[in-house]
Amino acid sequence: MKVEKKVTISETHSIEIGTSSWSSKEKSIRSRYDSLETGKFSPHASSELPIPDLQPIIKMAAENDLLSISQCSEMIVALSKSISKQVSS
């Protein structure tokens, strides 16, 4: 992945958005975990997902009550802001 934006969650965890590793024409998102012991990227816990996969994953998690009320609320707020920005553009 060619990282274009990164949000640090903790010393070893970040969320990265960028150009996917499989196509220069597609965006992807990754929940990245680095190993403090080796200083290297952890391939076991750093999934890179195609953006179109996010909607069905989130929908399935919601339909199966895997997210807390607080998590759902935070997503609703963020999604509402995204819709407002896109409509205004």
Side-chain angles (χ1 to χ4, degrees):
M1 168 191 276
K2 181 181 175 189
V3 178
E4 296 167 5
K5 186 173 183 177
K6 177 179 177 177
V7 175
T8 301
I9 307 298
S10 72
E11 187 177 6
T12 59
H13 184 204
S14 61
I15 305 295
E16 298 173 335
I17 298 171
T19 304
S20 75
S21 58
W22 57 86
S23 172
S24 62
K25 296 178 182 179
E26 289 188 45
K27 297 284 186 190
S28 65
I29 190 166
R30 170 170 64 202
S31 181
R32 179 180 178 140
Y33 289 86
D34 293 304
S35 169
L36 286 179
E37 294 173 5
T38 64
K40 295 182 180 178
F41 179 74
S42 170
H44 303 289
S46 301
S47 304
E48 181 179 351
L49 297 171
I51 297 301
D53 286 1
L54 290 175
Q55 187 270 333
I57 288 170
I58 293 168
K59 182 180 177 191
M60 187 169 197
E63 289 174 348
N64 289 278
D65 301 326
L66 301 178
L67 303 166
S68 70
I69 292 171
S70 173
Q71 290 168 321
C72 290
S73 178
E74 287 181 39
M75 282 192 258
I76 290 168
V77 169
L79 291 168
S80 296
K81 288 179 182 178
S82 176
I83 290 168
S84 293
K85 286 191 290 186
Q86 292 179 59
V87 169
S88 298
S89 296

ring-ring contact (aromatic ring centres under 6.0 Å, His included): pairs with one or both residues in residues 53-89, sequence neighbours excluded: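 ring-ring contact (aromatic ring centres under 6.0 Å, His included) check on residues 53-89 returns no pairs.
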Distance in Å, Thr8 OG1 paired with His13 NE2, rounded so as to fall on 0.5 Å steps: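 If I round to the nearest 0.5 Å, the distance is 10.0 Å.
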Approximate separation, where rounding is to 0.5 Å, of Leu49 CG and Ile29 CD1: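 Answer for the CG-CD1 pair, Leu49 versus Ile29, is 8.0 Å.
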Co-membership, hydrophobic cluster, residues Ile15 and Leu54, 4.5 Å side-chain: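 The answer is yes; both residues are in one hydrophobic cluster.
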Contacts of Lys27 that satisfy side chain to side chain donor-acceptor pair (under 3.5 Å) - sequence neighbours left out: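 Per chain and number, Lys27 pairs via side chain to side chain donor-acceptor pair (under 3.5 Å) with Glu4.
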Residues clustered with Ile69, ILVMFWY side-chain links under 4.5 angstrom: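 Noted: Ile69 shares its cluster with no other residue.
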With sequence neighbours excluded, residues passing side chain to side chain donor-acceptor pair (under 3.5 Å) with Ser68: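 Scan of Ser68 (side chain to side chain donor-acceptor pair (under 3.5 Å), adjacent residues dropped) gives Gln71.
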Sequence-distant partners of Lys59, side chain to side chain contact (heavy atoms under 4.5 Å, CB included), two or more places apart: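 If we apply the side chain to side chain contact (heavy atoms under 4.5 Å, CB included) test to Lys59, skipping adjacent residues, the hits are Gln55, Glu63.
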Rounded distance [0.5 Å steps], CD1 in Ile51 versus OG in Ser28: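 Reported to 0.5 Å precision, the distance equals 6.5 Å.
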Side chain to side chain contact (heavy atoms under 4.5 Å, CB included) involving Ser82 - partner list, sequence neighbours excluded: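 Scan of Ser82 (side chain to side chain contact (heavy atoms under 4.5 Å, CB included), adjacent residues dropped) gives Gln86.
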Distance, nearest 0.5 Å, that separates OG of Ser14 from CD1 of Ile9: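 Going from OG on Ser14 over to CD1 on Ile9, the span is 7.5 Å.
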Residues in side chain to side chain donor-acceptor pair (under 3.5 Å) contact with Ser21, at least two apart in sequence or another chain: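 Scan of Ser21 (side chain to side chain donor-acceptor pair (under 3.5 Å), adjacent residues dropped) gives Glu48.
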Residue list, side chain to side chain contact (heavy atoms under 4.5 Å, CB included) with Asn64, at least two apart or on another chain: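 Testing Asn64 for side chain to side chain contact (heavy atoms under 4.5 Å, CB included), a comparison that skips the adjacent residues, returns Met60, Leu66.
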Members besides Val3 in its Ile/Leu/Val/Met/Phe/Trp/Tyr cluster (side-chain heavy atoms under 4.5 Å):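 Its cluster partners, ordered by chain and number, are Met1.
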For Leu67 against Ala62, the heavy-atom pair lying closest together: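 Smallest interatomic distance, heavy atoms only, reads CD1-N, 4.3 Å.
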Apart from Ile83 itself, residues in the same hydrophobic cluster as defined by side-chain heavy atoms under 4.5 Å: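 Under the 4.5 Å side-chain rule, Ile83 groups with Val87.
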Ser23: side chain to side chain contact (heavy atoms under 4.5 Å, CB included) partners, not counting sequence neighbours: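 In terms of side chain to side chain contact (heavy atoms under 4.5 Å, CB included), with neighbours along the sequence ignored, Ser23 is linked to Ser20, Lys25, Glu26.
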Contact list for residues 73-89, test salt bridge (Lys or Arg N to Asp or Glu O under 4.0 Å), sequence neighbours left out: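 Sorted pair list comes back empty.
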